[in-house]
Every structure is written in structure tokens, then in C-alpha cells.
There are 2 protein chains.
Amino acid sequence: MPSGSESPLGKATIFDVAEQAGVSIKTVSRVVNNESNVRDATREKVLSAIRELRYKPNAAARELSGKRSRLVGLVYENAQEFNYLKDVLNGSLDACEARGYALLLCPITLPNPDIAARIREFVTQARVEGIVLPAPLGDLAAAAALLRQLRIPVAAIAPKDPRPEEINVSCNDGAATCSLAEYLIEQGHRAIGFIKGHPGHGASAARFAGYRRALQRHGLAFSAALVRQGYFDFDSGKTAASELLDLAKPPSAIVASNDDMAAGVLFEARERGLTVPRDLSVVGFDDTQIASRMWPPLTTVRQPIVQMAETAARLLIDKLNGEAVQSPDEPFECEVVIRKSTAPLASIT
Amino acid sequence: MPSGSESPLGKATIFDVAEQAGVSIKTVSRVVNNESNVRDATREKVLSAIRELRYKPNAAARELSGKRSRLVGLVYENAQEFNYLKDVLNGSLDACEARGYALLLCPITLPNPDIAARIREFVTQARVEGIVLPAPLGDLAAAAALLRQLRIPVAAIAPKDPRPEEINVSCNDGAATCSLAEYLIEQGHRAIGFIKGHPGHGASAARFAGYRRALQRHGLAFSAALVRQGYFDFDSGKTAASELLDLAKPPSAIVASNDDMAAGVLFEARERGLTVPRDLSVVGFDDTQIASRMWPPLTTVRQPIVQMAETAARLLIDKLNGEAVQSPDEPFECEVVIRKSTAPLASIT
DNA sequence: GTTCGCATTGACAGCGCTGTCAATGACTTG
DNA sequence: CAAGTCATTGACAGCGCTGTCAATGCGAAC
């Protein structure tokens, strides 16, 4: 053994490694940072010294010297639908861990008088290099404008208005909603209600468009009376269902733009003594945990949120590392999940 | 205006502040770190310079120089029951933000062959100073032992075996479960089933004890036949309910140790064509989102998780800052929430 | 008036790394 | 063989802050 004591807990510094490998610290730095101009033999020597000493670069020193914090921020709306965030979190975290980045959280509680101030504070204080921005925040004008002004790279998940210069990851909500609606039509439903999602959320318009497309394809007339505005939360779904069911000619099926609202529909139906799916078919969107735990379990659409978030964070980090990245060409695929909240229209008379 | 250009984005350094205030950088450092030996007049001068220049200390430099990362880790089990984590997250984040700390996440996906390695990696790599450890991880022998060996301060939320040298925050699960069971007894129920929580979770034993206490107080015999082991997840609740309802003399009410399992009970009851609460009363625990969205909405217990987490993180940070902190003397109070999943026992014959 | 003690302040040396730029060495070319 | 080219390596100066320790000033005690 060449020198003093073994490092017990990765406390070795770059100097120790340099000494052990018989090179300068700069060369160790080159190896650690994967720079190309190092002879293979030298690289090997350094790598084995690193392994032996269990060397981990000191992040603070790296940041202080190199101006790169290796920190990515996740700015999200701290409200309903935490299952969505759970997936976003897991996906982002995976990408960060794989690339030696850490993820910092910045929940935004709406309504917030000054989102811009909060985000600015976050960016400067937490010194993140880039931001993962899941819907619906990507569409908040204040947030988007500020981030752009701060010139901080952003990766948006399911943004309403994708910006070509930013990283965007989304899935084919529209097509999936269309499939879902077509499924109902095939089951014999003709009067199909629709509850729109939050207007600020990019997916809302796409899902609504999918619904209309399904009607059109099957030659069914679109009726604005069967459409209600919701906000992706349980209560708005319940209210919308109440209005829809109060109609003189109520729908025999309701498409809710997400599961929380579908849960509200189910709740409202129960309060009215209706039996789902016998008296009313209901579908949701997202396949959140609640979807399979309600009674009846919801027919819905599963989105690959984890993968979308992982992709967004990965591309973001690659971009931060100077690579020329591009948003995925194709949106991610959603999957329709048929459960028990839907049934063929009971023939009457 | 004394010198060159205004700082646009808090890019001022300690040198700028020192110059502006006419003191040495060390004095600025003292003010920033709230050290006591600075004359009031000097402090004021420095503070106003800081305000003027919008000075923010550089975290990397502080860490490199001072050995303090101002980072706290949240190590959690990345599985079911994300609503619990949501509250833990929000509470911890609040405390961190208030004290200038950042929170780093370390999800642990069970079963994991080597939790210890993952945690060690996290601690050394992410260089967190302390760890918030929500149940049930506080009870994982491997994790606990390692953290102790690493001599890293821990704040446990609802640990099974609180360690006096660590920070512990919990609530009176037992008393709340007792109230809940007594409520059922007062409604006329005599055969009350109980579904235990995950054996590794500290709250499980407390809740079970509360149930037994309620029986005892009302002179009801305890019957092991009416007790089933669950694991805090929907499926185990459903399975347990199935067994309970298959009994020759099934219970008229079931106490599930958390809402997810209660949801499983409700689901199972539905599948059997039972109507809750007419045929069966059900109660849960936690008041998670799902509790109020099921049909019928669940009678349950609300825990102040956000506050508990906030307290845990706050005490942890205070401890890291050298203060002599103490775990709260009293457990936090839970609140029974009566909804519609419970009803008086229908008198028969 | 002198000395001591205490409160306040500052000079200076790093913390562990990366950026810059110069030095070295190995080859190639004329 | 000398000069030029390129790949590889190292010396050195910070990055912005805090810890250590010494210097300063001031009132109290002698």
C-alpha cells in the first residue's frame, strides 16, 4: 500500500487520485469529465485509482469552479392530481440520477399572486441549470415569459403551445380520447356528454378535439349542450355531471377529460341513485390510482407519464451538456384501458 | 450611485457588498450568518448594502468553504399511498425553504436488494446533512443501522421504535383509532372486524391497540377471528375483507387501518352486492383524497401529516445548526371525520 | 496613567475543483 | 536533420466563501 490510510467514505480528493495514478490533478479532472484528449493508458490508470480510492468529485468545488450546479428544477402546480406528479417525479428523478444531476422541487400553490417572483427566487436561489415544467404550468404566461427572459432551458411536458426552441414531450391525447369515444359509440351510445379539462392545460383542447373527431367519424351530430367546462378536479366533474344529467335528454354516456372528474361523475350518479354502467357509462383519462379503486372501476386511458418525464429530463440535461438535442418526433402512445364503468347502451322499449 | 453597474440578477458577490458597506468581507460573512459579535451600526450598514445589491450568498462557495451543504434528504418508500408522501413533501419543503435549506429526494423502491447501499450512495453523493425519514422506513433495520453508523442526524416521522437520541414526530393514532371504534360501538355494532396495517409500520401496532382498547372499554370480547393482517394497500384490504365476510358470523363493521385498505373493503363489499353502510359499516384512516371520493365517502381519521413533517424537518435543521432540540413532548392530534360509510346497526328481528 | 479584558474587525489561507495557457513529446514533412 | 504539427499533459490562478488568528479600539480596574 503506497501511502497512509485507506479512505473510509469516499473522502478522497482529486489530489489523492492524482498522486495514486501518478498524474496531475488536471488529468484526473479530464478523466472525470470525460474529456477526449487523454491517452487510453493514462485514462485507465486514473480510472483504477478512482475506483480504488472510491473517489467522488466534490460537487460544491465543481460548481464553484466550473459554474455548473448539476441541478435541475421541477416546477409544478401543487394542487390536485398528485398521482400525475408522482409519475413526473419518478421519471425526472430517474433521468437525473442516471446523469449525476440532482432534482430540486418548486411547488407552486395557486392562486399565487406572483408566480414570477417565486420562480425567479427559485432559479437564482437554487441555481438550477434547467427546469422541467409539467403541464399546466408550461402554459402559464407569466412563468413561461420569465423563464425565457432568464434564458434558462426548459423541458415542457404536455404543453399547450409547444415552442420549437424548447424541449417538448407529449402524448397523443387526442387520438386516445377519440378511441375512447369511438368505443362508446360502438357500444351503441349516441348521446355522449363531454366534460372538458382545465382550459389552461394543453391536453384539454386535444382531448376535446378527439371527442369531436369520433363523433364526426361516425356521423353523429355534435351538440354543445352535451359539453361542459371542467377543471380537472373532482368537484368540477361532479357539477358538470349534475348539469348534464339534469338535461331533458341526458346523455347515456359521459367522457370526462380525466379520472378525477370521472370520479366526480360517478359520485353524482350515485347520489342520484343511478347505477353505472347500467344507467350511465362513464370514462375517464389518466388511469390514476383511483380509477381502478372506484366502483365500478373506470374505463380510462393510461399515459406513459413516467417515460415522458424521463425523456423530458434526459433531453434537458443533454442540452445543458451542450448536446444538440431535439424533441421527440412522435408523441408518446396512450393506451385505452377498458374496465367496468362502460356497458352497451341498454335497448329501450 | 457609487460604482459601475447595478447588479441585474443577484450576481453581486460578498466583495461588492463589503466595498459598498465599507467593511471587510469577513464582517459581511458574519452578518449573513447571523453571528453575534457585530456592532449594530455595522450590521445595519451591511444589511442595507445587501439589500441594495440584492446579494445572495453563493451556496457552492459556502459549502466548499464551510463544509455545510444546507441540504436535507427525504428518504421514502416509493410505493403505494402517495398522498401521504405528498403531505410529507409539502411539510418538509416548507421547513426547508423557511431555513434556506434545499430538499433532495431519495425514493426507495421495495423490494430493494440493497437499501443500505442506496442510502449510503445518496448520503455521500448528495452530501445531505440530515435525513427526514417517514414511516415505514424508520423501521427498516438496514436503513436505520446505516444512518446511525454514518452519524447522520435523522428525523423520523411516526417511527415504530422511537430512539431518544433522534428526532421523532408522531401522532396519537392509537387514541384516534379507539375513538373510531368506540363510535362504531355506540352505533350498536358488536362484531367489529379489524384489518391491521403493515407490520413494519410503527402506526400499525398503535392503531390495533386502539381498537382493542375500545372493545375493552365497552366490555366487548376480543376475537382474533375478526382480525386480519393487511399491508396498507388496496389489495390486502380487499382480501382481508373477503375473508372476514366469508366468516360464518361476519362482522357488521370493519375498521381498516388506512383508507386504501378501506377502499379495498368497499370494493369487495360491492362485488358481493352488499350495500355500505346498510349492510356493513366501514372506516378507514388517513383521510386521503380517495376517502372523500369513494361512494360512500369514508368515515376516517385525519392526521396532521403536513405539520408533522414540517416539525420533523424544522427540528432536524435546527439540530444541524447546533441547537439543542427535542422531539415534541406530545404527539400530534388526529381528528375523526364522520362521513357516510358508517351507520347504526340495523336492528334485526 | 497604565494595564488588562473584552468586543469588534480584518488579513489571510485555504476548501477541491476547472479554465487557461504553456510545456512536453511524438511524429511528419521538407 | 531541422522545423512544423498535433496530441497529451501539467502549472497555476482563481471561483466566493468561512475558519483561524491576529490586530484594533475602548472602557474598567489598578
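Chain naming here is simple, since letters A, B, ... match the order of the sequence lines and numbering starts at 1 in each.
Side-chain atoms of Thr27(A) lie closest to dT9(D) of the nucleotides dT9(D), dC17(D), dG19(D). Side-chain atoms of Ser24(B) lie closest to dA11(C) of the nucleotides dA11(C), dG16(C), dC17(D).
Atom CD1 in Ile25(B) sits roughly 11 Å away from atom P in dC12(C) (whole-Å rounding). Taking atom CG of residue Asp16(B) and atom C1' of nucleotide dG16(D), one finds them 11 Å apart after rounding to whole Å. dG16(D) atom P lies 14 Å from atom CD of Glu19(B), rounded to whole Å. If you measure from atom NZ of Lys26(B) to atom P of dG16(D), you get 18 Å, rounded to the nearest angstrom. Between the C1' atom of dG10(D) and the CZ atom of Phe15(A) lies a distance of 13 Å, rounded to the nearest Å.
Counting only distance, with no hydrogens or angles, the side chain of Thr42(B) and the backbone of Val38(B) share no donor-acceptor pair below 3.5 Å.
For Tyr55(B) against Thr13(B), the heavy-atom pair with the smallest separation is CE1-C, 3.5 Å.
When only modelled atom types and interatomic distance are considered, Arg314(B) and Tyr101(B) share no side-chain donor-acceptor pair under 3.5 Å. Remark: the Asn33(A) side chain and the Arg62(A) side chain contain an N/O donor-acceptor pair separated by less than 3.5 Å.
Taken to the nearest 0.5 Å, the CG atom of Asn78(B) stands 6.5 Å off from the NZ atom of Lys86(A).
Side chains of Leu133(A) and Leu147(A) form a contact here, defined as non-hydrogen atoms less than 4.5 Å apart. Leu74(B) has its side chain out of reach of Ile131(B): every pair of non-hydrogen atoms, C-beta onward, lies at least 4.5 Å apart.
Within a 6.0 Å radius of CD in Glu35(A), other residues, nucleotides and ligands contribute more than 12 heavy atoms.
Residues from residues 29-46 of chain B with heavy atoms under 4.0 angstrom of DNA chain C, sorted by number: Arg30(B), Asn37(B), Val38(B), Arg39(B), Thr42(B). DNA chain C lies under 4.0 Å from at least one heavy atom of each of the following residues of residues 61-71 of chain A: Ala61(A), Arg62(A), Ser65(A), Gly66(A).
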